Colleague: 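Next up is a structure, given as structure tokens.
Because the structure is a prediction, the values reported are computed rather than measured. Whatever order the structure lists ligands and atoms in, that order sets their numbers, starting from 1.
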Amino acid sequence: MRESALYGTYARQPLAFERGEGCWIETADGDRYLDFAAGIAVNSLGHAHPHLVAALTEQAGKLWHVSNVYEIPGQARLGERLAENSFADKVFFTNSGAEALECAIKTARRYHHVNGHPERYRVITFEGAFHGRTLATIAAGGQAKYLEGFGPKVEGFDQVPFDDTEALLKTIGPETAAILVEPIQGEGGVRPIPNASLRRLRELCDRHGLLLILDEVQSGVGRTGKLFAHEWAEITPDLMAVAKGIGGGFPLGACLATAEAAKGMTPGTHGTTFGGNPLAMAVGNAVLDVVLEDGFMESISKKGLLFKQSLAAVADEFPDIVEGVRGEGLMLGIKCRVQNLRLLEALRDQKMLVVPAGDNVLRLLPPLIITEDEIREAVKRIHDAAAAVRATEKADA
Ligand SMILES: *Cc1c(COP(=O)(O)O)cnc(C)c1O
């Protein structure tokens, strides 16, 4: 047989799905899985949400793409709504998280450039960070495994240990432009930055004339029970990257900015062919219709609490398998005592999907529309998977 024509860049699981509905996805053979991966926090409203399907198909019959050479009314509307519901005055639409971060980094550098400080271009980031896979965002993330073999690391990123203010203070210099941080590290293992530390970052940025860039590609759009996770700390950034959940499965990202931070982004300074096209805007607006409904955020917090408490009981029963549970809302992580992929495989045997992360964590990122019954079902499957792993551990010993 001919080898796959696809790049070998993914260690894919041996599963292919054909359809989905809500929190469930189904293979061609009719095997149903409980989906707590949600396309890595992307399917915020689950699969085949009727409102999203209607918005996309309606737009598909009218107009797909015109390019940013023309006015795009859906873009103006989604931008306006994002601004109204956040710190931002200005929005730039992209197709992905990495592009949203590229825009944020460029915006921060331009800000200092037009302020007469072109020497201020360096961005401070944190160990364990993940900001995407472009050349600049792998430099920002600073992870050796993603940088290796791709030539010189893009210049201008300084990394400090996670949540280490002392190291941060020593790193701020006359060339520093911004601090870039995920309020909750996703790939890094569902590691929340304490609210007090986020506030301190805000203060430091103000004191040193730096821009605070938040990467809310994973934590944003309701995932933690607030529209954006930084709201828990009662601070606002100058720039923010959003993607994943905002498109509900349609490729869509956005860079949000204050008017001040974005003042250098004048005509011709940045652009994209596909970003913000009518299809993406129809879906993005439809996602906001649902997540901005009264009570939606509160329901996420309530369900998240139920889930976290139930998981804590599983952790108590299986201290040999589960070290602890962390995260906020419906962005939770199980820190494993056994290798995380063993629990992931045991969960797959239980027909439940989750996502691995750094620090030996499994991420639980269900669609935000999940029901309490489905959470109970998930907890049961996690319980049974932990029991299965324990049984094989015993057999191996
Ligand atoms: C997924 C992710 C990205 C990259 O998004 P892409 O759409 O894959 O480019 C950046 N930052 C964070 C926090 C992410 O979770």
Side-chain angles (χ1 to χ4, degrees), residues 7 9-10 12 36-44 92-108 123 125-143 145-147 150 154 157 159 162 178-193 198 201 212-224 228-230 237 239-256 272 274-277 280 283-284 287 327-333 354-359 361-366 368:
Y7 263 39
T9 45
Y10 301 109
R12 295 178 199 270
F36 274 54
I40 317 186
V42 165
N43 303 107
S44 47
F92 183 93
F93 289 108
T94 68
N95 311 290
S96 68
E99 287 169 285
L101 279 143
E102 290 270 349
C103 179
I105 294 162
K106 286 179 75 175
T107 304
V123 177
T125 65
F126 295 86
E127 167 263 315
F130 181 81
H131 300 299
R133 297 295 201 103
T134 62
L135 288 169
T137 55
I138 56 175
Q143 297 200 40
K145 65 177 177 185
Y146 295 146
L147 285 160
F150 294 114
V154 169
F157 296 93
Q159 196 153 58
F162 182 80
I179 295 174
L180 165 60
V181 65
E182 298 154 84
I184 302 184
Q185 283 189 349
E187 303 280 331
V190 192
R191 290 201 295 176
I193 306 257
L198 266 186
L201 289 182
L212 179 61
I213 310 174
L214 294 182
D215 180 349
E216 293 235 26
V217 168
Q218 197 161 148
S219 59
V221 195
R223 183 55 53 191
T224 68
F228 298 109
H230 66 262
L239 289 159
M240 176 170 72
V242 177
K244 294 201 164 97
I246 184 78
F250 198 94
L252 170 58
C255 174
L256 277 64
T272 161
F274 289 122
N277 92 0
V283 180
V287 168
E328 187 69 49
L330 292 173
M331 182 171 180
L332 297 181
V354 297
V355 197
D359 201 26
V361 163
L362 283 186
R363 273 177 286 177
L364 306 165
L365 306 161
L368 306 177

Colleague: Return the SG to CZ distance between Cys255 and Phe92, rounded to the nearest 0.5 Å.
Modeller: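 The SG atom of Cys255 sits 8.5 Å away from the CZ atom of Phe92.
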Colleague: Could you name each residue pair satisfying salt bridge (Lys or Arg N to Asp or Glu O under 4.0 Å) that touches residues 178-188, not counting sequence neighbours?
Modeller: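 Matches after skipping sequence neighbours: Glu187-Arg363.
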Colleague: My understanding is that only residues two or more places apart in sequence, or in another chain, count here; which of them pass ring pair (Phe, Tyr, Trp, His ring centres under 6.0 Å) with Phe126?
Modeller: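 With neighbours one apart ignored, the set is empty.
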Colleague: For ligand 1, give me the residues whose heavy-atom distance to it is below 4.0 Å, by chain and number please.
Modeller: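 Those residues closer than 4.0 Å to ligand 1 by some heavy atom are Ser96, Gly97, Ala98, Leu101, Phe130, His131, Gly132, Glu182, Asp215, Val217, Gln218, Lys244.
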Colleague: Working to the nearest 0.5 angstrom, can you tell me the gap between Glu102 CD and Thr107 OG1?
Modeller: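 These two atoms lie 11.0 Å from each other.
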Colleague: Check side-chain hydrogen bond (donor to acceptor under 3.5 Å, both in side chains) between Asp359 and all other residues, then give those that pass, not counting sequence neighbours.
Modeller: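 Arg326, Lys335.
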Colleague: Between Glu127 and Arg191, is the closest basic N to carboxylate O distance under 4.0 Å?
Modeller: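 A salt bridge is present here (some side-chain N lies under 4.0 Å from a carboxylate O).
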